[in-house]
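Index from 1, following the sequence. Remember, it's a predicted structure, so these values are computed and weren't measured experimentally.
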Amino acid sequence: MVKNMKGYNIYLIRHGMIKENAQGKYIGHTDAELSEEGIAELENMCEKNVYPWVDAVVSSPLKRCVQTAGILYPGREALTIEGLAECNFGEFEGKTADELKDNETFVRWLAGDPDAVPQYGESSDRFSARVCLAFEKIVDGILKAQTGSTAVVTHGGVIMAVLEAYGIPELAANKWRCDCGCGYVLRVDARMWMTDRKIEVFSTFPYEREDEE
C-alpha cells in the first residue's frame, strides 16, 4: 500500500560501449564486458557531466551493465534483475547485418515481422513481456518502499521496450534510442501508475556539468 501520492524519479541508463557495438554486431544475451574504449568513455562522461544522485541502483545481470553501474555509481551495490537482460538474439548473436543479409528470417525480423523469430532466440513479444513484467515489479517496489530516486542500468532494447509500453509521450520503440552511457529521466506519479500504468518521460540525461566560478 502506498502511504502517499508523491512523485518518484527513475533514471533509465544504457550501458557503456562493448567492442561488439563498434563492430556492428548483434549482442543480446552474450555476456560481453565493456571495452577499454567504453570504460574510458564512461569515465570521461562522469567528469564532464552529472549523473543524478540516487537512493537505489538496479541493473541487468549482464557484465556490461554491472560494470557501468559500478563506474557511474561507485561504492553502490546494484541489485541485479534477470528480467532486465537484453533480448536473446539466438542465431543472430555475434553477427553483423551484412553477415545476416541472406538469412530470410533475419530479413523478416528486421522488417518488423512479429512471426520472425531467430532460431534458439527470443520472440519480440516474449522479450517485451519479460521486460515489462520486470519493470512493473521495479516500479511497484519503488512505490511500496517510497524510494525517491532509482537508477536502472540496462540495455538499449530494454529501454525502448519499456518506454514504448509505459512512456508519455506515447512513441514507437525506435523513437526511444539512446547512446551508450545516456538515458531518460522518468517521473512516476503514483496515481497515474496505479490507474493507467503510464509514466512521464521528463528529459534525457546525463546533464552537462556547469562550470564552477
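Looking at E104 and V107, their side chains never come closer than 4.5 Å, going by heavy atoms from C-beta outward. Side-chain contact between L110 and L100: absent, with no pair of heavy atoms (C-beta onward) separated by less than 4.5 Å. Residues D189 and E200 have side chains not in contact (no heavy-atom distance under 4.5 Å, counting atoms from C-beta outward). Counting heavy atoms from C-beta outward, I142 and V188 have side chains that stay 4.5 Å or more apart.
In this structure a side-chain-to-backbone donor-acceptor pair under 3.5 Å is missing from N9 to S149. A donor-acceptor pair under 3.5 Å is absent between the side-chain atoms of K144 and the main chain of V139, judged by distance alone. Side chain of Y51 to main chain of G181: a donor-acceptor pair is present (N/O by atom type, distance under 3.5 Å, no hydrogens or angles). For the pair E93 (side chain) and H29 (backbone), a donor-acceptor distance under 3.5 Å is present. Using modelled atom types, no side-chain atom of T150 and backbone atom of A56 make a donor-acceptor pair closer than 3.5 Å. A donor-acceptor pair under 3.5 Å is formed between the side chain of N103 and the backbone N or O of F106. Panel note: side chain T154, backbone L84; a donor-acceptor pair is recorded below 3.5 Å.
Taking the charged nitrogens against the carboxylate oxygens, K137 and D140 have no contact shorter than 4.0 Å, which rules out a salt bridge. Checked for salt-bridge contact, E99 and K25 miss the test: no charged N lies under 4.0 Å from a carboxylate O.
Across every non-hydrogen atom of L42 and L72, the tightest pair is CD2-CD2, 4.3 Å. For the pair L143 and W193, the tightest heavy-atom approach, listed with the atom from each and the gap, is CD1-CD1, 3.5 Å. Here the closest non-hydrogen pair linking P169 and W176 is O-CZ2, 3.2 Å. The heavy-atom pair separating Y26 from A97 by the smallest distance is CE1-N, 4.0 Å. Minimum interatomic distance between R64 and I27 (heavy atoms only, all atoms of both residues): NH2-O, 3.5 Å. The nearest pair of heavy atoms linking I18 to E33 is CG2-O, 3.1 Å.
Taking CG of L34 as the start and CD of E41 as the end, the distance is 10.0 Å to the nearest 0.5 Å. Interatomic distance, CD of Q23 versus CG of N21, reported as 9.0 Å (0.5 Å rounding). Annotation: the span from R76 atom CZ to S59 atom OG amounts to 13.0 Å, rounded to 0.5 Å. L186 CG to S203 OG: the interatomic distance, rounded to the nearest 0.5 Å, is 9.0 Å. Note that CD of E164 and CD of E170 are 10.0 Å apart. Values are rounded to the nearest 0.5 Å. Considering CE of M45 and CG of D179, their distance stands at 7.5 Å, rounded to 0.5 Å.
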Exercise. Could you give me the CA-CA distance, side-chain angles and deciding distance for V152 and V158, then say whether side-chain contact (heavy atoms from CB on, under 4.5 Å) is met?
Key: CA-CA 11 Å; V152 178; V158 172; over 6 Å; no
Practice problem: Start with the C-alpha gap between F205 and I13, add the side-chain angles, then the distance that decides, and say whether side-chain contact (heavy atoms from CB on, under 4.5 Å) holds. | Solution: CA-CA 9 Å; F205 82 104; I13 308 169; 3.3 Å; yes
Quiz item: Which is it for V185 and Y207 under the side-chain contact (heavy atoms from CB on, under 4.5 Å) test, yes or no, and what are the steps along the way?
Solution: CA-CA 11 Å; V185 182; Y207 309 118; 3.3 Å; yes
Quiz item: side-chain contact (heavy atoms from CB on, under 4.5 Å) between D98 and K101: does it pass, once the steps are laid out?
Solution: CA-CA 5 Å; D98 189 61; K101 64 183 179 183; 3.4 Å; yes
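Connection of V162 to L171 is established within a shared hydrophobic cluster, with ILVMFWY side chains joined at heavy-atom distances below 4.5 Å, either directly or through further cluster members. Hydrophobic clustering (ILVMFWY, side-chain heavy atoms < 4.5 Å, transitive): V66 and I39 are in distinct clusters. L62 and F92 fall into different hydrophobic clusters, where Ile, Leu, Val, Met, Phe, Trp and Tyr are joined by side-chain heavy atoms under 4.5 Å apart, directly or via other members. At a threshold of 4.5 Å between side-chain heavy atoms, the hydrophobic network of Ile, Leu, Val, Met, Phe, Trp and Tyr places I199 and I81 in one connected group. In the hydrophobic cluster analysis, where Ile, Leu, Val, Met, Phe, Trp and Tyr join through side-chain heavy atoms closer than 4.5 angstrom, I71 is grouped apart from M17.
Atom CD of E36 is surrounded by 12 or fewer heavy atoms from other residues, nucleotides or ligands within 6.0 Å. Heavy-atom neighbours of R177 CZ from other residues, nucleotides or ligands within 6.0 Å: at or below the threshold of 12. Residue E20 places its CD atom among more than 12 non-hydrogen atoms of other residues, nucleotides or ligands, all under 6.0 Å distant. Shown here is Y120, whose OH atom has no more than 12 heavy atoms of other residues, nucleotides or ligands within 6.0 Å.
Donor-acceptor pairing under 3.5 Å is lacking for the side chains of S60 and H15. For the residue pair Y166 / E136, a side-chain donor-acceptor distance below 3.5 Å is found, with atom types taken as modelled.
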Check residues 122-135 and write down every donor-acceptor pair under 3.5 Å in which the side-chain atom is one partner and the other belongs to a residue at least two apart or another chain.
{"residue": "E122", "atom": "OE1", "partner": "N88", "partner atom": "N", "Å": "3.0"}
{"residue": "E122", "atom": "OE1", "partner": "R130", "partner atom": "NH2", "Å": "3.0"}
{"residue": "E122", "atom": "OE2", "partner": "R130", "partner atom": "NE", "Å": "2.8"}
{"residue": "E122", "atom": "OE2", "partner": "R130", "partner atom": "NH2", "Å": "3.4"}
{"residue": "S123", "atom": "OG", "partner": "R126", "partner atom": "N", "Å": "3.0"}
{"residue": "R130", "atom": "NH1", "partner": "G83", "partner atom": "O", "Å": "2.9"}
{"residue": "R130", "atom": "NH1", "partner": "A85", "partner atom": "O", "Å": "2.9"}
{"residue": "R130", "atom": "NH2", "partner": "A85", "partner atom": "O", "Å": "3.2"}
{"residue": "R130", "atom": "NH2", "partner": "E86", "partner atom": "O", "Å": "3.2"}

